[in-house]
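To start, the structure itself, in structure tokens.
If you're wondering where the values come from, they're calculated on a predicted model, not measured in any experiment. Note that the numbering runs from 1 along the sequence shown for the chain.
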Amino acid sequence: MSAVSDRLPTFPWDKLEPYKKTATGHPDGIVDLSVGTPVDPVPELIQKALIDAADSPGYPTVWGTPALRDAITGWVERRLGAREVTHRHVLPIVGSKELVAWLPTQLGLGPGDKVAYPRLAYPTYEVGARLARAEYEVYDDPTELDPRGLKLLWLNSPSNPTGKVLSKQELTRTVAWAREHGVLLFSDECYLELGWEADPVSVLHPDVNGGSYEGIVAVHSLSKRSNLAGYRAAFLAGDPAVLAPLLEIRKHGGMMTSAPTQAAVIAALGDDEHVRVQRDRYAARREALREALEGHGFRIEHSEASLYLWATRDESCWTTVSHLADLGILVAPGDFYGEAGARHVRVAFTATDERVSEAVRRLA
């Protein structure tokens, strides 16, 4: 066990504990804008679907029920503009973090193989490479990478942490480059339904992939769009030649989405209204926090999508974290996501309306 854990970096959130303690000591309580966990209720129709499926004594299948696969393929075509998506093009997963962390291992990568991901990125991309003993590399423009030994290329649009959105032209160019060099491309699109000043596009759109899913897979999650972080519900969509062996591996590994969760996902993907309602909540919180942060001397960069504001006061991110903790506000330091974030903080707007209002009051 120690040999595996020794490959991993220090768990970043542990470093935030002293600042959390300071923020918690505020007379009016902490406003936690750090992790970005959903706090609003799970929509009733999803809860009902989960409850109705609670009597599920048998083992679920890794591939999911035909009804689940129908729901995923239907959503991918309706929402992402994908075409001719069949059951072979989709695969349920047990939350997207599990997939990101174990994908290089499941792909059989190891020493000498490279995994590449954005310079500012979700830390689990690196963790996945480390677990597989693969090499890892960051990029600003993926098409400038040396493709030799590069086996897995991660895209992330909208970005966590910056909220940056890749244009259709950028996506198209990257897909073409990856295919030219035989590099498998996985696109993390978990925030795609949360575009504010941009309309995010999927790599599954025919304008991006030319009508072919060869060598590309998109990752989607219901954690943010449907408040289902506690359900661990996500899925892959893309190249059947990639998904088929992953399915076999995951069968052997017992990586099954629970039957009640599968039923909940069917309900969630079949309803767009609850997504609209949740978007409206987030939009109001985002606007209030953005105005308050700018009034407090912050500059907001990117942030055209996702659930975060990428903010800076042109100082060390830890100085900013400390300053806000003294106000009882906890945020994530930018260097959690790479050295390039050392002068930024990531501010989530997933807190309740009351807590966001309290943060606005303190920043004023």
Is any side-chain N of the basic residue among [X] and [Y] closer than 4.0 Å to the acidic one's carboxylate O?
{"X": "Arg286", "Y": "Glu291", "value": "no"}
{"X": "Asp280", "Y": "Arg276", "value": "yes"}
{"X": "Glu248", "Y": "Lys251", "value": "yes"}
{"X": "Glu135", "Y": "Lys114", "value": "no"}
{"X": "Arg299", "Y": "Asp314", "value": "yes"}
{"X": "Glu294", "Y": "Arg290", "value": "yes"}

When hydrophobic residues are tied together by side-chain contacts of less than 4.5 Å, even through go-betweens, does [X] share a cluster with [Y]?
{"X": "Val39", "Y": "Val277", "result": "no"}
{"X": "Leu363", "Y": "Phe349", "result": "yes"}
{"X": "Tyr136", "Y": "Val219", "result": "yes"}
{"X": "Val265", "Y": "Leu80", "result": "yes"}
{"X": "Leu228", "Y": "Leu50", "result": "yes"}

Within 6.0 Å of [atom1] in [X], more than 12 heavy atoms from elsewhere:
{"X": "Glu17", "atom1": "CD", "answer": "yes"}
{"X": "Glu301", "atom1": "CD", "answer": "yes"}
{"X": "Arg362", "atom1": "CZ", "answer": "yes"}
{"X": "Trp102", "atom1": "CH2", "answer": "no"}
{"X": "Gln47", "atom1": "CD", "answer": "yes"}
{"X": "Asp28", "atom1": "CG", "answer": "yes"}
{"X": "Glu339", "atom1": "CD", "answer": "no"}

Can you list the steps and then say if Thr174 with Thr172 is a side-chain contact (heavy atoms from CB on, under 4.5 Å)? CA-CA 5 Å; Thr174 303; Thr172 302; over 6 Å; no
Can you list the steps and then say if Leu309 with Ser303 is a side-chain contact (heavy atoms from CB on, under 4.5 Å)? CA-CA 5 Å; Leu309 294 168; Ser303 307; 4.1 Å; yes
Does the pair Asp70 and His87 meet the rule for a side-chain contact (heavy atoms from CB on, under 4.5 Å), with working shown? CA-CA 7 Å; Asp70 282 343; His87 286 193; 2.7 Å; yes
How far apart are the closest heavy atoms of [X] and [Y], and which atoms are they?
{"X": "Ala49", "Y": "Ala264", "value": "CB-CA, 4.1 Å"}
{"X": "Pro333", "Y": "Cys317", "value": "CB-SG, 3.8 Å"}
{"X": "Glu189", "Y": "Ala218", "value": "OE1-CB, 3.6 Å"}
{"X": "Asp32", "Y": "Ala351", "value": "O-CB, 4.2 Å"}
{"X": "Glu84", "Y": "Glu77", "value": "N-OE2, 3.2 Å"}
{"X": "Leu120", "Y": "Ser159", "value": "O-OG, 4.4 Å"}

Any chance the side chains of [X] and [Y] put a donor and an acceptor closer than 3.5 Å?
{"X": "Thr143", "Y": "Arg173", "value": "yes"}
{"X": "Thr86", "Y": "His89", "value": "yes"}
{"X": "Tyr117", "Y": "Tyr139", "value": "no"}

Separation of [Y] [atom2] from [X] [atom1] (nearest 0.5 Å):
{"X": "Leu243", "Y": "Leu236", "atom1": "CG", "atom2": "CG", "value": "6.0 Å"}
{"X": "Leu109", "Y": "Leu152", "atom1": "CG", "atom2": "CG", "value": "6.5 Å"}
{"X": "Leu91", "Y": "Thr257", "atom1": "CG", "atom2": "OG1", "value": "8.5 Å"}
{"X": "Thr22", "Y": "Leu327", "atom1": "OG1", "atom2": "CG", "value": "11.5 Å"}
{"X": "Trp177", "Y": "Glu144", "atom1": "CH2", "atom2": "CD", "value": "10.0 Å"}
{"X": "Arg281", "Y": "Thr352", "atom1": "CZ", "atom2": "OG1", "value": "11.5 Å"}

Worked verdict on Glu126 versus Arg130 for salt bridge (Lys or Arg N to Asp or Glu O under 4.0 Å): CA-CA 6 Å; Glu126 177 186 332; Arg130 284 174 176 255; 2.6 Å; yes
Are the side chain of [X] and the backbone N or O of [Y] linked by a donor-acceptor pair below 3.5 Å?
{"X": "Thr312", "Y": "Arg343", "result": "yes"}
{"X": "Glu170", "Y": "Ser167", "result": "yes"}
{"X": "Trp196", "Y": "Leu307", "result": "no"}
{"X": "Ser357", "Y": "Asp353", "result": "yes"}
{"X": "Asn227", "Y": "Pro41", "result": "yes"}
{"X": "Asp271", "Y": "Ala268", "result": "no"}

Can you see whether Trp310 has Arg346 sitting over its ring - NZ or CZ less than 6.0 Å from the centre and within 45° of the normal?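 The answer is no; the distance or angle limit is not met.
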For Glu193, give me all partners under side-chain hydrogen bond (donor to acceptor under 3.5 Å, both in side chains), at least two apart in sequence or on another chain.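 For Glu193 the side-chain hydrogen bond (donor to acceptor under 3.5 Å, both in side chains) partners, ignoring immediate neighbours, are Arg79, Arg225.
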Show the numbers, then the answer: is there a side-chain contact (heavy atoms from CB on, under 4.5 Å) between Lys151 and Val183? CA-CA 5 Å; Lys151 298 297 177 65; Val183 176; over 6 Å; no
Which residue, [options], forms the side chain to side chain contact (heavy atoms under 4.5 Å, CB included) with [X]?
{"X": "Arg148", "options": "Leu145, Leu150, Asp146", "value": "Asp146"}
{"X": "Leu185", "options": "Asn209, Leu171, Val217, Ile216", "value": "Ile216"}
{"X": "Phe235", "options": "Leu68, Thr73, Val90, Leu269", "value": "Leu269"}

Of all pairs that satisfy ring pair (Phe, Tyr, Trp, His ring centres under 6.0 Å), the ones with a partner from residues 271-302, not counting sequence neighbours: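 Sorted result for residues 271-302: His296-His323.
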Are Tyr122 and Trp154 close enough, and set up right, to give a ring-ring contact (aromatic ring centres under 6.0 Å, His included), and what steps lead you there? CA-CA 10 Å; Tyr122 185 44; Trp154 279 106; 8.9 Å; no
In terms of the angle between their ring planes, are Tyr19 and Trp318 parallel, tilted or perpendicular, with boundaries placed at 30° and 60°?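 Rings of Tyr19 and Trp318: tilted, 30 to 60°.
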Pick from Arg285, Arg355, Lys224: which one makes a salt bridge (charged side-chain N to carboxylate O under 4.0 Å, His left out) with Asp40?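 For Asp40, the salt bridge (charged side-chain N to carboxylate O under 4.0 Å, His left out) check succeeds only for Arg285.
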